[in-house]
Protein chains: 2
Amino acid sequence: MITFSKQDFLKNIYKQKEKGNDSTSASYLADVLNVSNAAISDMSKKLSIDGLIHYRPYKGLVLTSQGEKEALKVLRRHRLWEMFLVKTLGMDWSEVHEEAENLEHLSSDQLMDKIDAFLDFPDFDPHGSPIPDRDGNMPDSPVLILLNKAKTGEEYKIARVMDSDNKIIKYLGKAGLVIGARIKIIDKFDFDNSINVLINGKEMILSEKVSKTIYLELLN
Amino acid sequence: MITFSKQDFLKNIYKQKEKGNDSTSASYLADVLNVSNAAISDMSKKLSIDGLIHYRPYKGLVLTSQGEKEALKVLRRHRLWEMFLVKTLGMDWSEVHEEAENLEHLSSDQLMDKIDAFLDFPDFDPHGSPIPDRDGNMPDSPVLILLNKAKTGEEYKIARVMDSDNKIIKYLGKAGLVIGARIKIIDKFDFDNSINVLINGKEMILSEKVSKTIYLELLN
DNA sequence: ATATTTTTTTAAGCTTACTTAAATTTAAAC
DNA sequence: GTTTAAATTTAAGTAAGCTTAAAAAAATAT
Ligand SMILES: [Mn+2]
Ligand SMILES: [Mn+2]
Ligand SMILES: [Mn+2]
Ligand SMILES: [Mn+2]
């Protein structure tokens with residue numbers, strides 16, 4: 001088995017790719033993994049030797065196909081655990097990420113397959129992120145856009161919220177900004193990039209920070 | 001959080017105590033933890049400094065009350081996970097020990113309390129081992145004796161099987177030697193310490209090795 | 001084009017959890 | 001009560017995953 005550190009390393013490169021960044025910078029990884037840049041350099045060499053990433057000094061980090069396979073396995077475990085914790089044990093969607101961050105590292109494939117079946121093979125986790133199947137295939141998903149970039153007057157459905165501070169996720173839940181909720185863009189303010197939206201018939205202002213964690217699907 | 005290695009170390013001292021051994025030898029621990037004796041010496045010093053064990057060189061290892069508290073927490077997690085894997089996910093009782101051996105190390109107290117409640121607060125795990133409650137209190141359990149030391153002619157109920165090779169656990173299951181099964185001692189053979197028993201109306205011979213993994217409760 | 005800033009790597013060192021080999025202590029055998 | 005054997009500790013060393021500080025490369029600004 002690949003170590004926890006390596007799993008988290010590969011996973012975060014994949015998540016960057018999922019977000020549209022073909023390669024990941026060392027400093028970004030240092031930041032999300034909470035380690036020094038030197039540690040990233042170090043680990044990059046090791047993972048390169050393991051054949052899990054393509055590494056050219058001073059260039060961004062890219063997964064090999066084997067590295068991507070590993071990353072997808074970690075992501076599958078993470079997202080299935082989150083779904084299980086919310087659906088079966090009734091934990092709040094703001095609490096499960098941290099727990100899954102640990103559980104993702106050492107549950108067997110057989111266990112995950114059992115949980116997958118128990119949950120009736122969900123396509124998305126409680127935050128709207130796609131769950132790879134046991135072969136590493138992602139479910140089809142609609143095109144999403146950041147709330148940040150949504151158009152005034154249009155109506156959308158909340159499709160996904162990004163991993164972030166669980167205080168933000170908790171705040172979203174309380175504000176009714178949950179997966180599937182309808183949201184209409186009323187106005188956008190240039191001066192601070194905040195957005196005025198309509199949720200459940202209620203108007204509210206969302207800060208730039210908040211609007212950057214929400215992904216939408218256009219209705220109609 | 002205490003490291004995996006330390007958790008396993010403390011847990012195994014506790015399990016020895018549970019078995020009636022007031023103190024645990026270094027060589028025994030080296031054996032069950034699959035590390036060298038030198039590693040045990042090393043770790044003993046560290047745990048002593050941590051205040052988790054009483055350590056006098058060349059003497060057996062004994063948990064401090066804080067060490068016992070830690071051990072009970074690990075055991076609670078281990079046994080609740082086993083119960084969950086069997087009862088909820090339908091895994092075989094011979095498969096769950098290994099999985100629990102990992103899961104026991106990093107699931108939060110809140111998560112374990114949720115699982116405990118979901119399972120309706122079980123007192124014993126699938127192998128008949130007692131599950132400590134969230135305060136570290138063990139459930140009341142009847143006096144048990146090793147099948148090895150059971151009396152000819154008496155009838156018993158299988159109450160617990162010890163952690164051991166999962167091939168043995170699998171074998172026990174197939175032979176009907178499950179928790180709660182009635183068993184009658186027909187004959188004991190001195191020459192190889194095997195035992196002739198009656199299970200589900202079927203006679204069978206159990207080897208010494210097998211009979212040493214089974215604990216019984218006397219009926220009537 | 002050069003200077004400055006930012007990013008990344010290299011170098012040296014630390015802690016944890018191990019290892020093997022040698023020394024020591026304790027227990028057992030005669 | 002010696003001698004011998006077994007258990008345990010000490011000593012020296014390794015790999016993983018980090019750290020800080022210094023050096024080098026790449027990007028940005030003037
Ligand atoms: Mn998550
Ligand atoms: Mn993680
Ligand atoms: Mn077990
Ligand atoms: Mn364990």
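By convention in this document, chain letters (A, B, ...) are assigned in the order of the sequence lines, proteins followed by strands, and residues within each chain are numbered from 1. Just so you know, these numbers come straight off a predicted model, no measurement behind them.
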Under 4.0 Å: is that the gap between some side-chain N or O of Ser36(A) and OP1 or OP2 of dT19(D)? yes
In 5'-to-3' order, the base (B), backbone-only (S) or no-contact (-) status of each nucleotide in nucleotides 5-10 of chain D, using a 4.0 angstrom heavy-atom cut-off, is ---BBB
Report the distance from atom CE of Met43(A) to atom P of dT9(C), rounded to the nearest whole Å. 14 Å
So, Glu101(B) and Lys11(B), do they make that salt bridge, N to O below 4.0 Å? yes
How many Å lie between CD on Gln7(B) and P on dT16(C), as a whole number? 16 Å
Give a yes-or-no answer on whether the side chains of His127(B) and His97(B) include a donor-acceptor pair shorter than 3.5 Å. no
Starting at atom CD1 of Ile49(A), determine the distance to atom P of dG17(D), rounded to an integer number of angstrom. 12 Å
Using the six-membered ring wherever Trp is involved, compare the ring planes of Phe4(A) and His105(A) and label them parallel, tilted or perpendicular (cut-offs 30° and 60°). parallel
Whole angstrom is fine here: how far is it from CD1 in Ile2(B) over to C1' in dT16(C)? 14 Å
Whole-Å distance separating the CZ atom of Phe9(B) from the P atom of dC18(C): 10 Å
For a quick check of understanding: with a heavy-atom distance under 4.0 Å over all strands, which category does Ser5(B) fall into, base, sugar-phosphate or nothing? sugar-phosphate
If we ignore angles and hydrogens, is there a donor and acceptor under 3.5 Å between the side chains of Asn37(B) and Ser27(B)? no
Over how many whole Å does the gap from Asp31(B) atom CG to dC18(C) atom C1' extend? 17 Å
Before we go on, tell me: are the rings of Phe84(B) and Phe84(A) under 6.0 Å apart, centre to centre? yes
In whole angstroms, how far is the P atom of dA17(C) from the CG atom of Asp8(B)? 11 Å
Integer-rounded Å distance: dC18(D) P and Leu33(A) CG: 8 Å
Please give me the minimum heavy-atom distance between Pro122(B) and Asp116(B), naming the atom from each residue. CD-OD1, 3.5 Å
